[in-house]
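Just so it is clear: chains get the letters A, B, ... in the order the sequence lines come, proteins before strands, and each one is counted from 1. Bear in mind that the values here come from a model prediction, so they are computed numbers and not experimental data.
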Amino acid sequence: MKNTELSAKYNPAEVEDKWYAYWLKNRFFHSEPDEREPYSIVIPPPNVTGVLHMGHMLNNTIQDVLVRRARMTGKNACWVPGTDHASIATEAKVVAKLKAEGIDKTSLTRDEFLKHAWEWKEKHGGIILEQLKKLGASCDWERTKFTMDEPLSRAVIRTFVHFYKKGLIYRGVRMVNWDPQSLTAVSDEEVIRKETPSKLYYLRYFISENGQATSDYIVIATTRPETIMADAAVCINPEDPRYQHLRGKKILIPLINREIPVIEDDYVTMDFGTGCLKVTPAHDINDYEIGIRHRLPVLDIIDEHGCLNDKAQILVGEDRFVARKKIVKMLDEAGHLEKEEQYSSQVGYSERTNAVIEPRLSLQWFLKMDQLAQGALARVESDEIRLIPDKFKNTYRHWMENVRDWCISRQLWWGQQIPAWYLPDGRFVVEEDAQAALVAARELDPAIQLEDLRQDEDVLDTWFSSWLWPISVFDAEKAGDPNRAPNAELAYYFPTNDLITAPDILFFWVARMIMAADEFCGEIPFRNVYLTGTVRDKLGRKMSKSLGNSPDPIQLMEQYGADGVRLGMLLCSAAGNDILFDESQVEQGRNFCNKIWNAYRLVQGWAVTEQEQPESSRLAVDWFRNKLHRTIETVNDHFDKFRISDALMTMYKLFWDDFCAWYLEIIKPEYGKPIDQQTFEATIGFFDALLKLLHPIMPFITEELWQNLSDRAAGETIMLAQQPKMEAYDAQLIDRFDLGTSVIAALRNVRQSKGLSPKEALKLVIKGEFPQEMIAVVARMANLSDCVITDEFDDQAAAGASFMVGTIEFRVPLTGLVDEAEEIAKIEAEIVRLEGFLKGVRAKLSNEKFVNHAPEQVVNMERKKESDAMTKIASLKDQLCKFSKA
RNA sequence: GGGAGCAUAGCUCAGUUGGUUUAGAGCAUCUGCCUUACAAGCAGAGGGUCGGGGGUUCGACUCCCUCUGCUCCCACCA
């Protein structure tokens with residue numbers, strides 16, 4: 001141990017970077033397949049242009065804890081880091097950045113734009129990973145991957161071709177969720193529905209006769225008056241008695257006077273609105289389906305930007321929301337507006353741009369999901385893959401049973417371009433590259449040249465690459481090719497062990513990884529999925545930039561130290577529970593670091609001599625060894641069940657309460673005095689074990705102290721030391737010790753209430769079966785001058801301060817300091833309490849049904865309660881008599 | 001509209017198949033202490049009858065029903 005002057009406070013800044021650099025230099029995070037059992041985690045790849053937020057902090061802290069623990073339990077642990085190209089999010093950022101520079105995306109070619117995007121990626125791509133290093137993340141950085149790395153991108157293309165040739169990918173015109181801001185389709189999962197106030201407009205549509213308006217009209221309620229020009233029909237419920245006269249009639253669209261038929265469909269709800277529905281197949285998913293049933297024409301009047309096009313005839317070029325306001329005015333002036341009502345409905349918004357989603361017909365690529373979903377559901381239903389907490393199984397099942405085909409094309413440039421090549425006549429071929437496409441195309445038309453082929457402009461949904469992640473980070477060639485043998489890496493690390501992620505991407509990502517792994521490896525991709533909660537502020541609000549309630553993680557780590565922040569995150573984070581983050585938790589983490597630091601300062605300052613070990617120290621060492629092993633058992637159990645905050649709290653209390661407050665206080669020599677060899681060595685051994693136990697949670701401070709605890713060779717690290725193994729322990733010894741600490745606490749209480757200084761030695765008289773060996777400890781910790789065990793209290797003892805621990809009675813003779821009236825009141829109150837308790841116990845025991853039905857053990861327990869209570873009451877009454885005599 | 005979950009000390013949470021002295025922890029609070037490891041600390045103390053109601057049981061925080069409140073997920077009522 002190095003005897004250096006240590007500051008009274010732990011200073012994380014001095015140790016964190018130093019040890020992280022040391023770990024990197026020695027490649028301790030790096031893993032290669034070997035004969036050991038593997039433990040692998042793939043990081044949920046953060047957006048390549050993202051910056052670290054509190055959610056990442058929680059998520060990655062948990063991953064690091066699990067990986068570090070695995071490494072310290074003999075496993076070959078590998079945590080693969082990387083980033084996701086996040087096509088929409090990144091493209092949106094690049095577009096915005098170019099715009100700020102006065103460059104419009106539309107003025108660039110695809111290649112020019114991609115060049116800008118890659119530049120942006122190179123510039124910002126590594127930031128978040130660098131930030132993770134501050135947290136202490138022990139990722140195998142040599143394995144860092146990016147979802148658009150060449151081999152990973154090729155895997156995505158291969159996957160597309162695979163599913164296309166298998167018949168699961170098709171191209172079709174469908175109503176998709178169109179984001180008019182980023183000009184792309186988005187998947188159903190990327191649409192956030194929000195309750196939005198709007199209005200329900202009641203419009204008069206006049207009935208037509210030979211193309212001329214009659215004076216008869218019907219009233220139709222709509223929230224989207226700007227789409228009336230695209231109406232293809234008016235629909236009524238065939239059962240609706242109010243509208244029987246409309247059958248076969250024609251109706252005129254207001255303002256443009258186009259004639260449309262009245263149709264009947266039981267989709268229409270009679271008691272909503274007026275029971276009349278305008279059918280606009282191009283701009284509403286339901287209307288589109290009605291349109292198909294009734295073979296209605298589709299008239300698309302809204303362009304990709306969300307503006308009316310010339311087919312609308314009026315308000316051409318106006319934005320849909322502007323058009324809405326204007327057309328209401330026009331309708332009103334023309335006498336078509338009957339009334340308007342306040343109305344609130346669920347409107348879809350783009351997750352990425354927050355633009356209102358426009359249902360839009362377009363030609364997109366889809367992946368059939370039903371078959372894939374069935375397999376993925378089975379893996380979870382059978383518990384091959386465990387969701388933690390398992391309540392998410394229900395949610396998962398519900399989704400997998402109601403899954404719809406996945407729209408995988410995006411009208412973007414940043415991402416993997418769809419490998420479909422079109423012939424001039426519109427036919428297309430799907431192949432991995434242009435050359436293969438040419439070969440395939442020539443089978444359709446032998447005259448085709450390479451330059452005749454035109455590749456599909458769209459890219460694939462980001463999740464279409466992320467779902468390969470756990471496979472492609474190890475073996476990119478295997479992804480997309482079920483028939484290929486896995487390489488050595490994949491064979492060794494796959495399936496991965498645990499996946500730590502947030503529940504909001506359970507379907508986006510987790511479910512799809514299960515599908516992909518099933519398809520290409522015939523395997524599960526991971527065994528356990530630990531779902532973290534959302535990090536919220538202490539008021540329960542989601543952390544968001546706009547609220548400004550999210551602390552900057554880097555600043556937080558600078559202020560409290562990475563270990564402190566890790567502890568703070570973990571303190572209240574049961575799996576699946578949202579965590580209400582409060583800086584006071586991080587403060588608690590920092591304080592704990594300080595506690596550990598100071599415990600070390602105490603121990604490292606001792607001089608060691610050959611001298612006899614005090615009895616109290618011998619006992620303390622014995623006790624702590626047993627306590628340590630019992631705690632290790634508990635901690636292991638918590639970790640096995642992914643109860644990380646429970647494991648943490650167990651260790652926290654072991655260190656703070658058991659080790660510092662009890663053990664060190666008992667063995668601590670007087671100031672300036674040396675300590676005996678035996679106790680010292682035991683203490684160093686305990687400290688070593690405690691540091692190892694804590695290391696996965698608090699890597700930096702534990703490395704710093706462990707390195708100092710004894711002489712270490714170059715290249716040694718606590719990171720690769722093995723966790724202390726659980727050994728057999730003596731539970732009764734621990735119980736006897738606890739009896740002693742209870743007595744000490746009671747004696748401190750007596751001191752406190754009587755205003756006695758700790759320096760004043762006391763006498764203790766004990767009646768009952770108190771473990772003899774504990775006297776040395778009690779005497780030391782409670783400053784006793786004398787301690788006797790007796791059968792009967794003498795008068796002086798009897799008049800002293802009294803307390804009981806279990807059924808053992810204690811007296812502290814205190815001449816003149818005991819207030820008799822107070823003491824009597826205290827005793828009487830206790831008697832009342834005990835008698836109430838006894839009454840309850842006796843009620844049970846006298847209940848025949850209880851005695852007959854309850855297990856013997858339970859009945860015996862009640863008998864014991866009864867007799868103990870009786871003993872206590874008797875001795876308290878006895879004590880009262882003594883007082884009244886005196 | 002459908003589904004799931006939650007409601008235990010001021011706060012955040014445990015409570016493992018209903019029964020171990022009349023419910024536990026951490027934080028916060030209160031009272032003493034700057035006692036040479038630590039005031040980012042030490043010692044002591046107070047505080048809940050387990051959301052409301054009903055039921056099952058010898059016995060319920062723990063099971064069932066119902067009400068109330070909150071959260072989340074899913075959903076095409078214009």
- [ ] Take atom CZ of A/Phe659 and atom C1' of B/G41, then tell me their distance rounded to the nearest Å.
- [x] 17 Å

Task: Under-4.0 Å side-chain N/O to phosphate OP1/OP2 contact, A/Asn591 with B/G41 - done: yes

Open item on the list: Just the rounded figure in Å: distance from C1' of B/G15 to CG of A/Asp637.
Closed with: 14 Å

Task: Below 4.0 Å: OP1/OP2 of B/C76 and any side-chain N or O of A/Arg404 - done: yes

Open item on the list: For a quick check of understanding: with a heavy-atom distance under 4.0 Å over all strands, which category does A/Ser345 fall into, base, sugar-phosphate or nothing?
Closed with: sugar-phosphate

TODO: Ignoring backbone atoms, test whether A/Arg643 places a side-chain nitrogen or oxygen under 4.0 Å from the OP1 or OP2 oxygen of B/G15.
DONE: yes

Task: Whole-Å distance separating the CD atom of A/Gln346 from the P atom of B/C76 - done: 10 Å

TODO: Using a 4.0 Å heavy-atom cut-off across all strands, classify A/Glu401 as base, sugar-phosphate, or nothing.
DONE: nothing

Task: Nearest-angstrom distance from the residue atom CD1 of A/Ile701 to C1' of B/C38 - done: 12 Å

- [ ] For nucleotides B/U29 and B/G19, find the distance between their P atoms and express it as a whole number of Å.
- [x] 35 Å

Open item on the list: Within the 4.0 Å heavy-atom criterion, would you say A/Val851 contacts the bases, only the backbone, or no part of the nucleic acid?
Closed with: nothing

Task: Phosphate contact (B/A75 OP1 or OP2) by A/Trp399 side-chain N/O below 4.0 Å - done: no

Open item on the list: From the set B/A4, B/U36, B/G26, return the single nucleotide nearest to any side-chain atom of A/Tyr671.
Closed with: B/U36

Task: A/Arg536 or A/Tyr10, whichever maps to the more 5' nucleotide of RNA chain B - done: A/Tyr10

- [ ] Look at the rings of A/Phe592 and A/Trp656 and say which category their plane angle falls in: under 30° parallel, 30 to 60° tilted, over 60° perpendicular.
- [x] parallel

Open item on the list: Classify A/Thr223 by what it touches in the nucleic acid, base, sugar-phosphate, or nothing, heavy-atom distance under 4.0 Å.
Closed with: sugar-phosphate

TODO: Give the ring-plane orientation class for A/Phe810 versus A/Phe803, where under 30° counts as parallel, over 60° as perpendicular and anything between as tilted.
DONE: parallel

Open item on the list: So A/His398, base contact, sugar-phosphate only, or nothing? Heavy-atom distance under 4.0 Å.
Closed with: sugar-phosphate

Open item on the list: Under a 3.5 Å distance rule, please check whether A/Ser7 uses its side chain to pair with a backbone N or O of A/Lys9 as donor and acceptor.
Closed with: yes

- [ ] Tell me what A/Cys660 touches on the nucleic acid: a base, only sugar-phosphate, or nothing, going by heavy atoms under 4.0 Å.
- [x] base

Open item on the list: Expressed as a whole number of angstroms, how long is the span from A/Arg748:CZ to B/G44:P?
Closed with: 5 Å

Task: Distance-only donor-acceptor test, A/Arg590 side-chain atoms vs B/A40 base atoms, 3.5 Å - done: yes

Open item on the list: Expressed as a whole number of angstroms, how long is the span from A/Asn598:CG to B/C42:C1'?
Closed with: 13 Å

Task: Euclidean distance for P, B/U31 against B/U36 (whole angstrom) - done: 23 Å

- [ ] Have a look at A/Gly533 and say if it touches a base, only the backbone sugar-phosphate, or nothing, with a 4.0 Å heavy-atom cut-off.
- [x] nothing

Task: Base-pairing assignment for B/A9 (Watson-Crick or G-U wobble, both under 3.5 Å) - done: none

TODO: Let me know, please, whether A/Ala746 or A/Arg193 comes out on the 5' side of the other along RNA chain B by nearest nucleotide.
DONE: A/Ala746

TODO: Would you indicate which nucleotide in B/A25, B/G5, B/C42 comes nearest to any side-chain atom of A/Lys391?
DONE: B/G5

TODO: Pick the C1' atom in B/A25 and in B/A14, then give their distance to the nearest Å.
DONE: 7 Å

Open item on the list: Quick check on A/Lys194: does its NZ atom have over 12 non-hydrogen neighbours (other residues, nucleotides or ligands) under 6.0 Å away?
Closed with: yes

- [ ] Look at A/Lys393 and B/C73 and indicate whether a side-chain polar atom (N or O) is within less than 4.0 Å of OP1 or OP2.
- [x] no

Task: Residue A/Lys653, side-chain heavy atoms: nucleotide from B/A43, B/G26, B/A37 that is nearest - done: B/G26

- [ ] Check every strand shown and say whether A/Asp287 touches a base, only sugar-phosphate, or nothing at a heavy-atom separation below 4.0 Å.
- [x] nothing

Task: Who pairs with B/A4 - Watson-Crick or G-U, where each distance is under 3.5 Å - done: B/U71

Open item on the list: Quick check on B/A37: is either OP1 or OP2 less than 4.0 Å from any side-chain nitrogen or oxygen of A/Lys668?
Closed with: yes

TODO: Kindly assign one of parallel, tilted or perpendicular to the pair A/Tyr663 and A/Phe659, based on the angle between their ring planes and the thresholds 30° and 60°.
DONE: parallel

Open item on the list: Using atom P in both nucleotides, what's the gap between B/U49 and B/A9 to the nearest angstrom?
Closed with: 8 Å

Open item on the list: Using modelled atom types and a 3.5 Å cut-off, is there a donor and acceptor pairing between side-chain atoms of A/Glu190 and backbone atoms of A/Ser187?
Closed with: yes

Task: Same-atom distance (P) from B/G52 to B/G69, integer angstrom - done: 15 Å

Task: Phosphate OP1/OP2 of B/A45: any A/Asn749 side-chain N/O under 4.0 Å - done: yes

Open item on the list: Which nucleotide, if any, forms a Watson-Crick or G-U wobble pair with B/U31, using both distances under 3.5 Å?
Closed with: B/A43

Open item on the list: Once hydrogens and angles are ignored, does a donor-acceptor distance under 3.5 Å link the base of B/U31 to the side chain of A/Gln752?
Closed with: yes

Task: Below 4.0 Å: OP1/OP2 of B/A78 and any side-chain N or O of A/Tyr343 - done: yes

Open item on the list: Any base atoms under 4.0 Å from A/Asn594, or only sugar-phosphate, or nothing? Heavy atoms, all strands.
Closed with: base

Task: Charged N-O contact under 4.0 Å between A/Glu226 and A/Arg320 - done: no

TODO: Tell me which nucleotide among B/A43, B/C73, B/A37 gets nearest to the side chain of A/Thr395.
DONE: B/C73

Task: B/A25 phosphate, OP1 or OP2, under 4.0 Å from A/Tyr652 side-chain N/O - done: no

Open item on the list: Roughly how many Å apart are B/A60 and B/G18, using the C1' atom of each and rounding to a whole number?
Closed with: 6 Å

TODO: Give one of base, sugar-phosphate or nothing for A/Leu277, where a contact means two heavy atoms less than 4.0 Å apart.
DONE: base

Task: Side-chain ion pair, A/Glu341 and A/Lys199, N-O less than 4.0 Å - done: no

Task: Same-atom distance (P) from B/U62 to B/C50, integer angstrom - done: 9 Å

- [ ] Determine the contact category for A/Ala869: base if any of its heavy atoms lies under 4.0 Å from a base atom, sugar-phosphate if only primed atoms, P, OP1 or OP2 are that close, otherwise nothing.
- [x] nothing

- [ ] Describe the nucleic acid contact of A/Pro855 in one word from base, sugar-phosphate, nothing, applying a heavy-atom distance below 4.0 Å.
- [x] base

Open item on the list: For A/Tyr267 and A/Asn286, which I'm curious about, is there any donor-acceptor pair between the side chains at under 3.5 Å?
Closed with: yes

Task: Main-chain N/O of A/Val268 paired to A/Asn237 side chain as donor or acceptor, under 3.5 Å - done: yes

Open item on the list: Classify A/Glu587 by what it touches in the nucleic acid, base, sugar-phosphate, or nothing, heavy-atom distance under 4.0 Å.
Closed with: nothing

Open item on the list: Taking any heavy-atom pair under 4.0 Å as a contact, classify A/Lys864: base, sugar-phosphate, or nothing.
Closed with: base

Task: P atoms of B/G15 and B/G32, separation to the nearest Å - done: 38 Å

Open item on the list: Please pick, from B/G44, B/A75, B/A78, the nucleotide with the shortest atom-to-atom distance to any side-chain atom of A/Tyr267.
Closed with: B/A78

Task: Watson-Crick or G-U wobble partner of B/C61, both distances under 3.5 Å - done: none

Task: Nearest-Å distance for atom pair CD1/P, residues A/Ile290 and B/C77 - done: 13 Å

TODO: Go through the N and O atoms of the side chain of A/Gln588 and the base of B/A28, and report whether any donor-acceptor pair is under 3.5 Å.
DONE: no

Open item on the list: From the set B/C77, B/U20, B/A37, return the single nucleotide nearest to any side-chain atom of A/Glu665.
Closed with: B/A37

- [ ] Provide, to the nearest angstrom, the distance between the CE atom belonging to A/Met649 and the C1' atom belonging to B/G24.
- [x] 13 Å

